[in-house]
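All values derive from a computational prediction rather than experimental measurement.
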Amino acid sequence: QVQLVESGGGLVQAGGSLRLSCAASGRTYAMGWFRQAPGKEREFVAAISWHGGRILYADSVKGRFTSSRDNAKNTVSLQMNSLKPEDTAVYYCAARTTTPPLIPTTAAEYAYWGQGTSVTVTL
């Protein structure tokens, strides 16, 4: 069992930046970020392989968001720049403790989830 705790959400104006962090209670393999806006389904944002060498991003955030991880601290982060109102959502960290797949991009492939952190982007 792995517990995930996200932090770093908040309220920001469009064009601003936020950095989300996720701390895992144990070793993980692939880790991912997903988000869910009100009235919408949960969607993939980013995924990072266990060694951090491969990272995938959703087209909607590519070039604006950057994910990284520190395995020594069992943490993963999501740096979000040039935020837009459409980025408003609850952001979730997810993790796998087995591999493959190396960098899953669907929610069903992740066994562990954080409680979510809210991000609101205003005009």
- Query: OG1/T88 to CG/L83 distance, rounded to the nearest 0.5 angstrom?
  - Reply: 8.5 Å
- For the student: nearest non-hydrogen atoms of T28 and A95, plus distance: CG2-CB, 3.8 Å
- Query: Does a side-chain N-to-carboxylate-O contact under 4.0 Å join K62 and D59?
  - Reply: yes
- Going hydrophobic residue to hydrophobic residue with side-chain gaps under 4.5 angstrom, can you get from L18 over to V45? yes
- Item | Aromatic centroids of F34 and F44 separated by under 6.0 Å | yes
- Task: Find out whether L11 and T122 are in side-chain contact, i.e. whether some heavy atom of one side chain is under 4.5 Å from a heavy atom of the other.
- Result: yes
- Grab the two heavy atoms, one from P101 and one from E109, that are nearest each other, plus how far apart they are. CG-OE2, 3.6 Å
- Query: Pick from T117, I48, L20: which one makes a side chain to side chain contact (heavy atoms under 4.5 Å, CB included) with L78?
  - Reply: L20
- Query: Any chance CD of Q13 has more than 12 other-residue heavy atoms, nucleotides or ligands included, within less than 6.0 Å?
  - Reply: no
- Start with the C-alpha gap between S68 and S77, add the side-chain angles, then the distance that decides, and say whether side chain to side chain donor-acceptor pair (under 3.5 Å) holds. CA-CA 5 Å; S68 61; S77 64; 2.9 Å; yes
- Message: Could you check whether any side-chain heavy atom of Q3 comes within less than 4.5 Å of a side-chain heavy atom of V5, counting everything from C-beta outward?
- Response: no
- Query: Are Y92 and V119 connected in the hydrophobic side-chain network, where two residues link if heavy atoms are under 4.5 Å apart?
  - Reply: no
- Message: Quick check: do S67 and W33 have side-chain heavy atoms less than 4.5 Å from each other?
- Response: yes
- Do R35 and E43 meet the salt-bridge criterion of a basic N to acidic O distance under 4.0 Å? yes
- Message: Hydrophobic clusters here meaning ILVMFWY residues chained together by side-chain heavy-atom distances under 4.5 Å, can you tell me if M31 and I103 are in one?
- Response: no
- Message: In the structure I gave you, are the side-chain heavy atoms of S17 and M80 within less than 4.5 Å of one another anywhere?
- Response: no
- Quick one: do the T75 and R69 side chains pair a donor with an acceptor below 3.5 Å? no
- 4.5 Å side-chain heavy-atom contact, S21 and V76: no
- Task: Locate the shortest heavy-atom distance separating Y110 from A47; write the atom from each residue and the value.
- Result: OH-CB, 3.5 Å
- Can you tell me how far the CZ atom of R64 sits from the CD atom of Q79, to the nearest 0.5 Å? 12.0 Å
- Query: Less than 4.5 Å apart, any side-chain heavy atom of P85 and any of D87?
  - Reply: no
- Task: Could you pull out the closest heavy-atom pair between G26 and V2, with the gap in Å?
- Result: N-CG1, 4.2 Å
- Exam field: side chain S49 to backbone R54, donor-acceptor pair closer than 3.5 Å: yes
- Query: Would you say V12 and V61 are hydrophobically clustered, going by side-chain heavy atoms of ILVMFWY under 4.5 Å?
  - Reply: yes
- Message: Can you confirm whether more than 12 heavy atoms, excluding those of Q115, are under 6.0 Å from its CD atom?
- Response: yes
- Message: Please say yes or no: joined through hydrophobic side-chain contacts below 4.5 Å, possibly via intermediate residues, are L102 and L56 part of one cluster?
- Response: yes
- Task: Indicate the atoms forming the closest heavy-atom contact of S118 with T120, along with that distance.
- Result: OG-OG1, 4.0 Å
- Task: Could you label the plane-to-plane angle of the Y29 and W50 rings as parallel, tilted or perpendicular, counting under 30° as parallel and over 60° as perpendicular?
- Result: perpendicular
- Task: Carefully, step by step, assess Y112 and R96 under the rule side-chain contact (heavy atoms from CB on, under 4.5 Å).
- Result: CA-CA 6 Å; Y112 300 98; R96 287 184 60 92; over 6 Å; no
